[in-house]
2 protein chains.
Amino acid sequence: MSDSPAPPATPANAPVRSPRPRDAEATKALLLRAATEEFAEHGFAGARIDRIAERAGANKRLLYVYFGDKQALFDAVVADQAVGVFRAAPMDDGDLVAFAAARFDYVLAHPEAGRIAAWRAFEQLAATETEIANFRSRVDAVAAAQRAGRVRADLPAIDLFAIVLRMTDSWISAPPALRAVGTTPPLSPTRLREHRAALLAAVRGVVEPHP
Amino acid sequence: MSDSPAPPATPANAPVRSPRPRDAEATKALLLRAATEEFAEHGFAGARIDRIAERAGANKRLLYVYFGDKQALFDAVVADQAVGVFRAAPMDDGDLVAFAAARFDYVLAHPEAGRIAAWRAFEQLAATETEIANFRSRVDAVAAAQRAGRVRADLPAIDLFAIVLRMTDSWISAPPALRAVGTTPPLSPTRLREHRAALLAAVRGVVEPHP
DNA sequence: GGCTTGTATCTAACTGGATAGTTACAACCC
DNA sequence: GGGTTGTAACTATCCAGTTAGATACAAGCC
């Protein structure tokens, strides 16, 4: 015990206490990212504040400083993810097939976005004005396409949109048991391409004008 | 077990703090029913054991005696609800339109069934053999209908089924914000009939044989 | 019938650990 | 100094699961 460096309480040689670089924006972003993963995996009730702080490598306190409480943090995550999905899947000219393709690709590349959206839909919280406005613009675009004869016009635009929206999630959010029915390897790229093609063909069947 | 015609008289008489009649089966059924409601509303993590016992007017302990723990209770609820949906929405001859109609009607009349199924799909638990077998029988029926020329055969049966399954939920599990886009009164019977018709027309567009 | 005993059903109160949120304070930078 | 950013320790509450025991009921025995 005499020849050992005998590290005292002072962290002379131990940089374990790597003092986080004082960067509020970076820390906030780290916390939001960690919260996104945690909420995506476990939902609101299942998510743990301590795990989020740990994931972010930040202190729990900062979470409350920057976001408020757990609910406010969840809302921030939801809003953030909604921006991403909304941008990634535009609906130019009410083209529902292109919309479905873009949304499918985005949610496949960002599974947490799909899960957050789904979990959000299941909490019985009131919709925000922003959310409603986003959806309304999409439904309006579909209605315009109907008037232009590019989309079948004998069904309400909002129903067409709601149906196609759900179709887009058909594989990503399918019951695990249904996915288990398919090929033994869970998710080969080939299989995924096949489903993507089937999805788009199905959407075409829904939206193409009917006699 | 959903076909128990014995006690159709619902025990809605008096959940007062009177000594519970000693009837194990009735208590068990009451607990299962209460758990179904609680899990449907709040999901697994959000559900509270104490609330379930209170809803059932039974003691918390009985829940552990009859079902095991929270997870086992959830599994029991899921299995029970799955039986109901499976029976209510058969798929004779791979008729996906009739399947969609029956499933839509059933889930509309039993919202908790749809919510339980959705919560179940969100937990990343492994699928049971029963679940897989149920889905496989449906997919096989679709494949048979394809061979018989009643359903378009240029898309994989499993994809067709997954897509139609999700379409069925398109209104029931639509984001609240999307539902808010529609008419101001949230859910009129007329609007519901309209959506049902649109859903079935859309399913027809998906499954009808293509040249 | 009355009494005992055994078992299934039910209850109130408790526990140990987890968890959201807080306080007190230190370090940094202007 | 003073505002900002960070950390550790703390608290009050909640909650799944348990303990210990009470009560109804039926079978067995007299």
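Sequence lines set the chain letters: A, B, ... in the order given, protein chains first and strands last, and positions in each chain run from 1.
- The separation between L63(A) atom CG and dG6(D) atom P is 13 Å, rounded to whole Å.
- Atom CD of Q71(B) sits in a crowded spot, with more than 12 heavy atoms from other residues, nucleotides or ligands closer than 6.0 Å.
- The side chain of R61(B) lies closest to dA20(D), out of dT23(C), dT19(C), dA20(D).
- Residue L62(A) contributes atom CG, which lies 16 Å from atom P of dA20(C) at whole-angstrom precision.
- Considering only side-chain N and O atoms, T27(A) lies under 4.0 angstrom from the phosphate OP1 or OP2 of dG6(D).
- Rounded to an integer number of Å, the gap from CZ of F67(A) to P of dA20(C) is 16 Å.
- Here the side chain of Y64(B) is nearest to one of dG21(C), dA24(C), dA16(D), namely dA16(D).
- The interatomic distance linking R51(A) (CZ) with dT19(C) (P) rounds to 7 Å, in whole Å.
- Other residues, nucleotides and ligands contribute more than 12 heavy atoms inside 6.0 Å of the CZ atom of R51(B).
- For dC14(D), the OP1/OP2 oxygens have no side-chain nitrogen or oxygen of R48(B) closer than 4.0 Å.
- Between K28(A) atom NZ and dT5(D) atom C1' the separation is 13 Å, expressed in whole Å.
- Side chain K60(A) to base dG21(C): a donor-acceptor pair is found below 3.5 Å.
- Between F74(A) and F39(A), the ring planes are perpendicular. Angles over 60° get that label, and only those under 30° would be called parallel.
- As rounded to whole Å, 14 Å separates atom P of dT7(D) from atom CG of D50(A).
- A close approach under 4.0 Å does occur between a side-chain nitrogen or oxygen of Y66(A) and OP1 or OP2 of dG6(D).
- Between the P atom of dT11(D) and the CD1 atom of I49(A) lies a distance of 21 Å, rounded to the nearest Å.
- The side chain of N59(A) lies closest to dA8(D), out of dT5(D), dA20(C), dA8(D).
- Contact check on R115(A) versus D169(A) returns no salt bridge, with no Lys/Arg side-chain nitrogen under 4.0 Å from an Asp/Glu carboxylate oxygen.
- Taking for each of V65(B) and K70(A) the nucleotide of DNA chain C with the nearest heavy atom, the 5'-most of the two is the partner of V65(B).
- At a threshold of 4.0 angstrom between heavy atoms, the contacts of A53(B) with the nucleic acid are absent.
- The CG atom of L73(B) sits 15 Å away from the C1' atom of dC15(D) (whole-angstrom rounding).
- The aromatic rings of F135(A) and F161(A) sit perpendicular, their planes meeting at an angle over 60°, well past the 30° parallel limit.
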